Amino acid sequence: MKNFSPQQIKDLHELPVVDLIHYWDEVETAASKDGKLEQAVRLLVGVDLYYLLVRICGRRDMLPCVDRPGFIDNQFAFERCREVEANPDGFLDLWAREHWKSSIITFGKTVQDILNDPEVTFGIFSHTRPIAKAFMRQIMREFESNKLLHASYPDVLWGENTKAAPKWSEDDGIIVKRKTNPNEATVEAWGLVDGQPTSKHFRILLYDDVVVAGSVTTPEMIEKTMKGLEQSYNL
């Protein structure tokens, strides 16, 4: 199967969500008949963040129409996926709580970026390290358990044999299959105020929950958080 051209990617991203899901079905059905489902999945995952989250990672809560009482017919998650894809870096995303910021950016976009380029290195930073570890843990579990991703990315993921990875833990970070050997793991989790790494230089710094309720109660705590944030820029 051929890679998508830039125009095809643009056309795909402009499809309304209902037409988009029909397109997924058509591509997967045709690929399955030819014994090329894994190739089709790989092509779609590489260019469609919404497909990765909804179809491959099972995030049906992000669908606009959910056939259960009490759900509102909205497109917020879909539109935010397209927004993040169009301009992924250099933004402060101020969305309300429970509106999929972490799911779309910290989880979904990070997974997609790693699958597209296993040489990338991410430093996830939160107010404290346990918070950052929770974000990395979600990525770890997806890479460990998602069999369709295993089949579609055997050159990137270890499958269930994560013991073969050079590093695969919450403390040390995780390393996927890659050709280079940088000092940094593929993904590492760190806290801004409880110990930052030294001699690390990540390609991408990702910040999530850097401010919590307990960090803004006094001027000293606010200053400590800001200093930690500024120090992390050196990484």
Side-chain angles (χ1 to χ4, degrees), residues 41-42 45-46 49 52-53 56-57 59 84-85 88-93 101-212 225 227-235:
V41 168
R42 185 165 181 143
V45 164
L49 178 58
L52 168 64
L53 285 164
I56 304 304
C57 296
R59 291 300 303 271
V84 168
E85 284 173 318
D89 301 320
F91 290 88
L92 176 63
D93 295 281
K101 292 188 300 297
S102 297
S103 295
I104 293 173
I105 301 172
T106 308
F107 173 68
K109 192 66 174 72
T110 301
V111 167
Q112 186 187 51
D113 286 349
I114 293 168
L115 295 175
N116 283 338
D117 179 11
E119 310 303 323
V120 70
T121 56
F122 279 90
I124 299 178
F125 289 86
S126 299
H127 184 67
T128 60
R129 200 176 187 199
I131 299 174
K133 284 183 179 181
F135 292 124
M136 186 177 72
R137 190 182 307 125
Q138 185 182 14
I139 297 169
M140 289 176 64
R141 297 295 176 260
E142 198 68 40
F143 283 164
E144 292 168 358
S145 62
N146 194 313
K147 297 185 185 303
L148 189 50
L149 285 182
H150 296 170
S152 302
Y153 291 88
D155 56 324
V156 179
L157 302 179
W158 300 98
E160 296 179 356
N161 186 29
T162 55
K163 291 183 179 180
K167 289 183 179 180
W168 200 270
S169 72
E170 294 180 18
D171 287 333
D172 295 333
I174 63 173
I175 297 179
V176 299
K177 295 179 182 179
R178 60 189 186 184
K179 297 179 181 179
T180 57
N181 185 32
N183 186 41
E184 301 77 19
T186 305
V187 184
E188 296 184 22
W190 296 96
L192 293 178
V193 300
D194 60 353
Q196 295 190 31
T198 57
S199 302
K200 300 278 188 179
H201 298 284
F202 302 101
R203 190 189 302 180
I204 297 176
L205 301 178
L206 184 56
Y207 298 92
D208 201 328
D209 282 348
V210 298
V211 175
V212 296
T225 300
K227 282 185 176 180
L229 182 64
E230 292 168 358
Q231 290 171 356
S232 72
Y233 297 156
N234 296 321
L235 302 169

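The chain is numbered in sequence order, starting from 1. The structure presented is a predicted model; accordingly, all values stated were derived computationally and were not measured.
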Could you walk me through whether His127 and Leu192 pass the side chain to side chain contact (heavy atoms under 4.5 Å, CB included) test, one step at a time? CA-CA 5 Å; His127 184 67; Leu192 293 178; 5.5 Å; no
Look only at the side chain of Glu184 and the backbone of Lys200, and say whether a donor-acceptor pair between them is shorter than 3.5 Å. no
Apply salt bridge (Lys or Arg N to Asp or Glu O under 4.0 Å) to Glu144 and list each qualifying residue two or more places apart in sequence or on a separate chain. Arg141
Which residues satisfy the side-chain hydrogen bond (donor to acceptor under 3.5 Å, both in side chains) test with Thr110, sequence neighbours excluded? none
Could you tell me the separation between the OG1 atom of Thr198 and the CG atom of Asn183, rounded to the nearest 0.5 Å? 9.0 Å
Result of checking Leu157, Asn161, Val156 against His150 for side chain to side chain contact (heavy atoms under 4.5 Å, CB included): Leu157
Test of understanding: with side-chain contact (heavy atoms from CB on, under 4.5 Å), list the residues that count as partners of Asn116, not counting sequence neighbours. Gln112
Run the side-chain contact (heavy atoms from CB on, under 4.5 Å) test against Ile204 and tell me which residues pass, sequence neighbours left out. Asp113, Val120, Phe122
Salt bridge (Lys or Arg N to Asp or Glu O under 4.0 Å) involving Asp117 - partner list, sequence neighbours excluded: Arg203
Rounded to the nearest 0.5 Å, the NZ atom of Lys179 sits from the CG atom of Asp155 at a distance of 8.5 Å
Distance-only, no hydrogens or angles: does the Glu119 side chain make a donor-acceptor pair with backbone N or O of Thr180 under 3.5 Å? yes
Check the angle between the aromatic planes of Trp168 and Phe143 and answer parallel, tilted or perpendicular using the 30° and 60° thresholds. tilted
Checking Lys147 now: which residues fulfil salt bridge (Lys or Arg N to Asp or Glu O under 4.0 Å) with it, not counting sequence neighbours? Glu160
Taken to the nearest 0.5 Å, the spacing of Lys109 NZ from Leu49 CG works out to 7.0 Å
Please enumerate all residues that pass side-chain contact (heavy atoms from CB on, under 4.5 Å) together with Asn181, with sequence neighbours excluded. none
Quick one: does Lys167's side chain have a donor or acceptor within less than 3.5 Å of a partner on Ala185's backbone? no
For Glu85, check side-chain hydrogen bond (donor to acceptor under 3.5 Å, both in side chains) against everything at least two apart and list the hits. Arg82
Minimal non-hydrogen separation, Arg59 against Ser103, with atom names: NH1-OG, 2.9 Å
How far does CG of Leu206 sit from CH2 of Trp190, to the nearest 0.5 angstrom? 15.5 Å
Mind checking side-chain hydrogen bond (donor to acceptor under 3.5 Å, both in side chains) for Thr121 and listing every partner two or more places apart, or none if nothing turns up? none
Please check if the side chain of Tyr207 supplies one atom and the backbone of Ile124 the other of a donor-acceptor pair under 3.5 Å. no
If I compare all heavy atoms of Thr186 with all of Pro118, which pair ends up nearest, and what's the gap? OG1-O, 4.4 Å
Mind checking salt bridge (Lys or Arg N to Asp or Glu O under 4.0 Å) for Arg178 and listing every partner two or more places apart, or none if nothing turns up? none
Counterpart residues, side-chain hydrogen bond (donor to acceptor under 3.5 Å, both in side chains), relative to Thr106 (two or more places apart): Asp208
Ile174 pairs by side chain to side chain contact (heavy atoms under 4.5 Å, CB included) with which of Val187, Ile114, Thr162? Val187
Indicate yes or no for a side-chain donor-acceptor contact from Ser169 to the backbone of Asp172 under 3.5 Å, with no hydrogens or angles considered. yes
Mind listing the closest non-hydrogen atom pair of Pro197 and Phe202 along with its distance? CG-CE1, 4.4 Å
To the nearest 0.5 Å, what is the distance between SG (Cys57) and CG (Leu52)? 4.5 Å
Donor-acceptor contacts under 3.5 Å from residues 133-140 side chains, at least two apart:
unit_1	atom_1	unit_2	atom_2	d
Lys133	NZ	Asp171	OD1	2.4
Arg137	NE	Glu170	OE2	2.7
Arg137	NH2	Glu170	OE1	3.2

Measure across Pro130 and Asp194 and return the closest heavy-atom pair with its distance rounded to 0.1 Å. CD-OD2, 3.7 Å
Rounded to the nearest 0.5 Å, how far apart are CD1 of Ile56 and CD of Glu142? 9.5 Å
